[in-house]
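Here's the structure, in structure tokens; my notes come after.
The figures here come from the full heavy-atom set of this structure, side chains too, leaving out hydrogens, waters and symmetry mates.
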Amino acid sequence: MTDLYRAESAQYPASHYGHLTENQQQALDAFKQLSHERGYYTPADPSKNTEASHDDETMLRYLRARRFIPQDAFTQFKDTEDWRKDQEIDNLYKTIDADEYEQTRRLYPQWTGRRDKRGIPVFVFEVAPLNSKNISAYEKQLAKSTYTSSKTATKNLRLFALYESLIGFVQPLCSAITRKHPETPISQSNNIVDISGVGLKQFWNLKSHMQDASTLATAHYPETLDRIFIIGAPAFFPTVWGWIKRWFDPITVSKIFILSSTDVFPTLSQYIDPANIPKKYGGALDFKWGDLPHLEPAIESAIEWINPHTQDGRKTVPVGPITWEKHADGSMTAIAIGSENGKPRYREVLRIADPVNKKIQAGDPIVNTPIDEAELRLTTVGTATQPADPDPAVVDLDIPEGEETTSPSSDTVEGKTEEKSLPIREGTSATRFQQQESTHAAGQLAEGTPDAAVNDHGFGDKTVTMEPATVGQAPKDVEIKREEPPAPGVVQQVKDTAMQVVESVEAAAGAVVGSVTGKKEDVGKEVSPEKSEEQKALDMQVDEKENPVIEGFLREKTRAQ
């Protein structure tokens, strides 16, 4: 638990610009110097009135992801800069069709136009609307895209544009608005992820959709996530959570909140003002899935509209990519870019005359706002809202054959829901301490397997090694041919699927939840390619099945491979 405590205490605004320790500042200086020497970073030049190629908060994202080790941070930074050049990301964001951008925005987390109590933007992601019908319709639209590349799948190009909107429009806007720590630029996002009404079959169909976002965020948009609030988790989710979380960095785990229906509003309201929480989750915000941002009053009062879009009688930003232009007097203008009807667009949307971070942009000294201890206490709540690990000696995770995949822990009888506990695992012995009668080990296992054979992997994860000489068997002189391992059962599929859900949640910051795992092996991964014809055929077969028989079908397909 020591590592987990250390990780949580370093959350926002600690380790961000304006709140660095002496060692962290030295690491930042070393990282910038290394990047400059290798040709990937250009410092600001006051004599020429030029800004640095990357601001300090952007550089700090890579350092936080790599535990403030400059060389490791540079490796990921270099990979990302090379990737941006290869994929022509800047040109993509400037030229993508606004309508095509909007089609993609509706499939990923959407900015509500609101912020949490610290000024970090709040996104909502509803998974249920991403059914096979809507995904199929979207894939047909991809074939008509005007912006394509021979290097990358069209769906991934559009996904890149959504991330660019997060770091190029939403975060700079939130950084310019009054908040508790105005000296610290906003570089993250909060995400409310609603997975209510989503079963195993739908998760299966969304695997690649979710994996694309997670892989992209981990590799090229690190540390763009602050918190994830998972709402409406399926019945099987708490059961497998103890297994899933061992795959994640403690920092990531501490940022994930799994909320029951009774905990949704009480927990969200600790971090987000009720006025900025959607009505669907107990707040007062009239925001529904698919809406453009409903800008909060604090943002409205700081901006001057020039060419707004109108939605339900409210002024908001238009569809498509938006960027910022900074002016000599410190003011900022939001520009709608991309293309419309095949023609480039350049339309001023709004102006911020006096952004709160104007001094930072000008390179002037800043006064840091002290961190309130209450802020740091809130960062530890995530682990408190996660379900406890089940006892592996008592709970059998194997779901009985024929159970409904979306609700393995309950049955409906005559209109009533009857809770039922998972069965106790039974093997060749009815009890844990069964004596091995009529063997040379009889009487030796009164206390169970010898302690030396219990392997403790940490985090409550233990396995038992059963040596032939200790379980009542004589050593065998003849080598026994090992059987091939059985094909993954439905439980393994559920575990894999649930883990992908959590990964997809991490992925998105902005339009997709960004990743904060910070693992070296994740750096440099590319987004998955288009599905093969075989994969498409399998997905079509899955779509034709009903939920009660989907388990058996998937099991047979897995065994056949």
Inset, instruction - Kindly determine whether I89 and E164 satisfy side-chain contact (heavy atoms from CB on, under 4.5 Å), including the steps that lead there. - result: CA-CA 8 Å; I89 298 299; E164 289 300 297; 3.4 Å; yes

For [X] and [Y], indicate whether the former's side chain and the latter's backbone hold a donor-acceptor pair under 3.5 Å.
{"X": "K117", "Y": "S269", "answer": "yes"}
{"X": "E102", "Y": "G320", "answer": "no"}
{"X": "T267", "Y": "V264", "answer": "no"}
{"X": "T112", "Y": "V122", "answer": "yes"}
{"X": "Q386", "Y": "L259", "answer": "no"}
{"X": "S165", "Y": "A161", "answer": "no"}
{"X": "Q76", "Y": "Y62", "answer": "no"}

Ionic contact status for [Y] with [X], cut-off 4.0 Å:
{"X": "K315", "Y": "E300", "result": "no"}
{"X": "E57", "Y": "R61", "result": "no"}
{"X": "D116", "Y": "R179", "result": "no"}
{"X": "R114", "Y": "D273", "result": "no"}

Inset, instruction - Sort out for me which residue in I230, L130, N191 forms a side chain to side chain contact (heavy atoms under 4.5 Å, CB included) with F125. - result: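 Result: among I230, L130, N191, L130 is the only option passing the side chain to side chain contact (heavy atoms under 4.5 Å, CB included) with F125.
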
Side-chain touch [X]/[Y], heavy atoms, less than 4.5 angstrom:
{"X": "I186", "Y": "P121", "result": "yes"}
{"X": "I135", "Y": "S132", "result": "no"}
{"X": "Q188", "Y": "K255", "result": "yes"}
{"X": "L216", "Y": "H220", "result": "yes"}
{"X": "I69", "Y": "L63", "result": "no"}

Inset, instruction - Please identify each residue that fulfils ring pair (Phe, Tyr, Trp, His ring centres under 6.0 Å) with F169, with sequence neighbours left out. - result: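 Ring pair (Phe, Tyr, Trp, His ring centres under 6.0 Å) check on F169 returns W324.
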
Legend entry - ring pair (Phe, Tyr, Trp, His ring centres under 6.0 Å) involving F68 - partner list, sequence neighbours excluded: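 Not a single residue meets the ring pair (Phe, Tyr, Trp, His ring centres under 6.0 Å) criterion with F68.
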
Inset, instruction - Determine whether the aromatic ring centres of H181 and H16 lie less than 6.0 Å apart. - result: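 Between H16 and H181, which both carry aromatic rings, the centre distance is not below 6.0 Å.
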
Legend entry - F160 ring center within less than 6.0 Å of Y93 ring center: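 No.
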
Legend entry - side-chain contact (heavy atoms from CB on, under 4.5 Å) between T224 and L166, intermediate numbers included: CA-CA 9 Å; T224 49; L166 170 70; 4.1 Å; yes

To the nearest 0.5 Å, how far apart are [atom1] in [X] and [atom2] in [Y]?
{"X": "I231", "Y": "K280", "atom1": "CD1", "atom2": "NZ", "answer": "9.0 Å"}
{"X": "S189", "Y": "I228", "atom1": "OG", "atom2": "CD1", "answer": "9.0 Å"}
{"X": "S187", "Y": "I120", "atom1": "OG", "atom2": "CD1", "answer": "7.5 Å"}
{"X": "Q141", "Y": "E100", "atom1": "CD", "atom2": "CD", "answer": "9.0 Å"}
{"X": "D312", "Y": "H294", "atom1": "CG", "atom2": "NE2", "answer": "6.5 Å"}
{"X": "L107", "Y": "E126", "atom1": "CG", "atom2": "CD", "answer": "13.0 Å"}

Inset, instruction - Please state whether the rings of W83 and Y221 are parallel, tilted or perpendicular, taking 30° and 60° as the class boundaries. - result: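 W83 and Y221: perpendicular rings.
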
Inset, instruction - Over 60° means perpendicular and under 30° means parallel, so classify the ring planes of W111 and F123, tilted if in between. - result: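 Because their plane-to-plane angle lies in the 30° to 60° range, the rings of F123 and W111 count as tilted.
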
Least distance between heavy atoms, [X] atom then [Y] atom:
{"X": "A334", "Y": "I322", "value": "CB-CG2, 4.0 Å"}
{"X": "I195", "Y": "P234", "value": "CD1-CD, 3.6 Å"}
{"X": "A302", "Y": "I177", "value": "CB-CD1, 3.6 Å"}
{"X": "W289", "Y": "V124", "value": "CZ3-O, 3.1 Å"}
{"X": "L350", "Y": "V317", "value": "CD2-CG1, 4.3 Å"}
{"X": "T178", "Y": "R115", "value": "O-NH1, 3.2 Å"}

Inset, instruction - Report the residue from R64, E223, Q24 that forms a side chain to side chain donor-acceptor pair (under 3.5 Å) with S15. - result: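 The passing option is Q24.
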
Legend entry - Pair Q311-D291, side-chain contact (heavy atoms from CB on, under 4.5 Å): steps then yes or no: CA-CA 8 Å; Q311 174 182 264; D291 281 357; 3.9 Å; yes

Inset, instruction - Test R158 against Q103 for side chain to side chain donor-acceptor pair (under 3.5 Å), laying out the working first. - result: CA-CA 9 Å; R158 293 190 183 184; Q103 293 167 3; 3.0 Å; yes

Inset, instruction - Evaluate the criterion side-chain contact (heavy atoms from CB on, under 4.5 Å) for residue pair L268 and I192; output intermediate values, then yes/no. - result: CA-CA 9 Å; L268 291 179; I192 299 173; 4.1 Å; yes

Legend entry - Trace of the side chain to side chain donor-acceptor pair (under 3.5 Å) decision for D194 with Y281: CA-CA 10 Å; D194 189 344; Y281 310 117; 2.9 Å; yes

